[in-house]
There are 2 protein chains.
Amino acid sequence: MSDLLERLRGRGWRMTSQRRVVAEVLDGDHVHLTADDVHARAAQRLPEISRATVYNTLGELVSLGEVIEVSTDGRAKRYDPNAHRPHQHLVCSNCGTIRDVHPAGNPLADLPAEERFGFAVSEVTVTYRGLCPSCA
Amino acid sequence: MSDLLERLRGRGWRMTSQRRVVAEVLDGDHVHLTADDVHARAAQRLPEISRATVYNTLGELVSLGEVIEVSTDGRAKRYDPNAHRPHQHLVCSNCGTIRDVHPAGNPLADLPAEERFGFAVSEVTVTYRGLCPSCA
DNA sequence: TCCTACAATGGACAGAGTCCAAGTCAAGAA
DNA sequence: TTCTTGACTTGGACTCTGTCCATTGTAGGA
């Protein structure tokens with residue numbers, strides 16, 4: 001993620017301590033934090049950071065394509081920094097833990113034309129559910 | 001859906017006018033109403049029905065397996081009465097319209113064991129997105 | 001160093017959903 | 001048919017997630 005800051009700067013993103021902290025919190029693999037999680041972790045380093053700033057920054061990272069927004073259930077959206085390698089998600093139906101997974105096959109090709117109802121289909125998301133090892 | 005009421009009665013469901021109206025509103029193919037939609041339509045026939053009752057009844061229908069809860073975006077959940085024939089969803093990224101679709105293939109089989117992280121995977125939901133004919 | 005446009009703040013607000021105490025009623029019993 | 005009772009409904013308060021906006025602050029170029 002260290003080069004994320006560089007990429008953002010290169011795109012003319014104005015660098016502030018708040019944005020830096022949010023970007024740093026979203027570092028690593030299998031990271032799927034809610035906005036509130038991000039706010040809590042960011043506030044450990046920058047206690048006065050506001051919720052609105054966290055939401056704004058997450059929204060910008062999403063529209064820049066650096067972070068993916070994941071809504072697996074009807075609850076809070078999660079933010080996934082693994083935006084540069086296509087993947088799907090595996091969710092524990094009990095505790096909500098999320099893992100990134102890379103299934104074989106191409107689900108887009110599995111949808112026959114007569115099942116497309118004239119839609120210009122451009123995207124597929126696949127969500128696997130089951131019990132994680134700790135919950136099983 | 002006419003036999004839904006029979007099935008529910010057979011399961012010992014106490015039949016009230018509110019429950020009957022909610023079940024009747026959820027009738028048909030390609031029906032994907034929000035709880036608020038259901039409440040609005042139910043209220044046309046039974047003006048004094050409360051939001052809490054609609055939520056309670058929808059929740060019961062879901063746990064009885066008669067209705068599927070669909071959360072396609074971060075917005076309101078939708079309720080799909082087509083629970084007895086497995087299917088996936090095709091969503092318009094512009095207007096949110098939903099269609100039931102029946103893709104070929106078996107996405108569960110596409111997830112290799114080494115990508116399951118020890119989860120007992122039991123379910124897959126596939127959501128196709130694109131522009132519907134009216135929005136394209 | 002100074003400016004200024006862009007960013008952060010925090011508090012109000014909105015939408016979706018849950019909870020609860022009190023009142024109502026479906027359906028079995030007599 | 002009427003009675004009884006536990007299940008159901010109500011509406012209002014509440015929570016959670018997210019958005020909006022006027023005000024204040026500041027990064028970074030001149």
Participant: Quick one: which of C/dA27, D/dT10, D/dT26 gets closest to the side chain of B/M15?
Facilitator: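 For B/M15, the side-chain atoms sit closest to C/dA27.
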
Participant: Tell me: CG of B/L33 to P of C/dG17, nearest whole Å?
Facilitator: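 Answer to the nearest Å: 13 Å.
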
Participant: Verify, without hydrogens or angle tests, whether A/H84 (side chain) and A/E66 (backbone) share a donor-acceptor contact under 3.5 angstrom.
Facilitator: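 Looks like no, no N/O pair under 3.5 Å.
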
Participant: Closest nucleotide of DNA chain D for B/W13 versus for A/S17: which of these residues is on the 5' side?
Facilitator: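 The answer here is B/W13.
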
Participant: Would you say the side-chain atoms of A/S93 pair up with the backbone N or O of A/G130, donor to acceptor, closer than 3.5 Å?
Facilitator: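 Yes: the side chain of A/S93 pairs with the backbone of A/G130.
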
Participant: Which one, D/dC16, C/dT9, C/dG17, comes nearest to the side chain of B/K77?
Facilitator: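 Side chain of B/K77 sits closest to C/dG17.
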
Participant: Atom CZ of A/R20 to atom C1' of C/dA7: distance rounded to whole Å?
Facilitator: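 Spelled out: CZ on A/R20 to C1' on C/dA7 is 14 Å.
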
Participant: Measure from CZ on A/R75 to P on D/dT15 and round the result to the nearest Å.
Facilitator: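 Taking atom P of D/dT15 as the reference, CZ of A/R75 is at 14 Å.
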
Participant: Determine: side-chain N/O of A/T16 to OP1/OP2 of C/dA7, distance under 4.0 Å, yes or no.
Facilitator: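 No, outside the criterion.
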
Participant: Would you mind reading off the distance between B/D37 atom CG and C/dG15 atom C1', rounded to a whole angstrom?
Facilitator: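 It is 14 Å, rounded to the nearest whole Å.
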
Participant: Does the side chain of A/Q18 get closer than 4.0 angstrom to OP1 or OP2 of C/dT9 through an N or O atom?
Facilitator: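 For A/Q18, the contact criterion (side-chain N or O under 4.0 Å from OP1 or OP2 of C/dT9) is met.
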
Participant: Considering heavy-atom distances to DNA chain C, does A/N56 or B/N56 have its closest nucleotide positioned more toward the 5' end?
Facilitator: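 The 5'-side residue here is A/N56.
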
Participant: Identify the residue among B/H32, B/Q88, B/R85 that makes a side-chain hydrogen bond (donor to acceptor under 3.5 Å, both in side chains) with B/D100.
Facilitator: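 For B/D100, the side-chain hydrogen bond (donor to acceptor under 3.5 Å, both in side chains) check succeeds only for B/H32.
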
Participant: Name the closest nucleotide to the A/R19 side chain, picking from C/dG11, C/dC25, C/dA8.
Facilitator: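 Out of C/dG11, C/dC25, C/dA8, the nucleotide with an atom closest to A/R19's side chain is C/dA8.
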
Participant: Please tell me which of the listed nucleotides, C/dT9, D/dT10, C/dG17, lies nearest to the side chain of B/I49?
Facilitator: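 Nearest listed nucleotide: D/dT10.
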
Participant: Quick check for you: to the nearest 0.5 Å, what is the distance between A/R41 atom CZ and A/I49 atom CD1?
Facilitator: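 With rounding to 0.5 Å, CZ (A/R41) is 14.0 Å from CD1 (A/I49).
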
Participant: Whole angstroms only, please: what is the CD-P distance between B/E60 and D/dA7?
Facilitator: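 These atoms are roughly 12 Å apart.
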
Participant: How close or far is atom C1' of D/dT9 from atom CG of B/L46, stated in whole angstroms?
Facilitator: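 After rounding, the gap between these two atoms is 11 Å.
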
Participant: Look at the side chain of B/A52 and decide which nucleotide, out of D/dC16, C/dA16, D/dG11, has an atom nearest to it.
Facilitator: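 In terms of side-chain proximity for B/A52, the closest of D/dC16, C/dA16, D/dG11 is D/dG11.
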
Participant: Return the value, rounded to whole Å, for the distance between atom NE2 of B/H39 and atom C1' of D/dT9.
Facilitator: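 After rounding, the gap between these two atoms is 12 Å.
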
Participant: Among the candidates C/dA8, D/dG18, D/dT10, find the nucleotide nearest to the side-chain atoms of A/Y55.
Facilitator: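 Closest of the options to the side chain of A/Y55: D/dG18.
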
Participant: Less than 4.0 angstrom between a side-chain N/O of B/R51 and OP1 or OP2 of D/dG11, yes or no?
Facilitator: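 Answer no for this pair, as no side-chain N or O of B/R51 is under 4.0 Å from OP1 or OP2.
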
Participant: Using the six-membered ring wherever Trp is involved, compare the ring planes of A/H102 and A/H87 and label them parallel, tilted or perpendicular (cut-offs 30° and 60°).
Facilitator: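 Correct class here is tilted.
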
Participant: Check the distance between C/dA27's P and B/L8's CG and give it to me in whole angstrom.
Facilitator: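 One finds 12 Å between P of C/dA27 and CG of B/L8, rounded.
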
Participant: Of the nucleotides D/dG18, D/dC8, D/dT26, which one has an atom closest to the side chain of B/R14?
Facilitator: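 Selected nucleotide (nearest to the side chain): D/dC8.
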
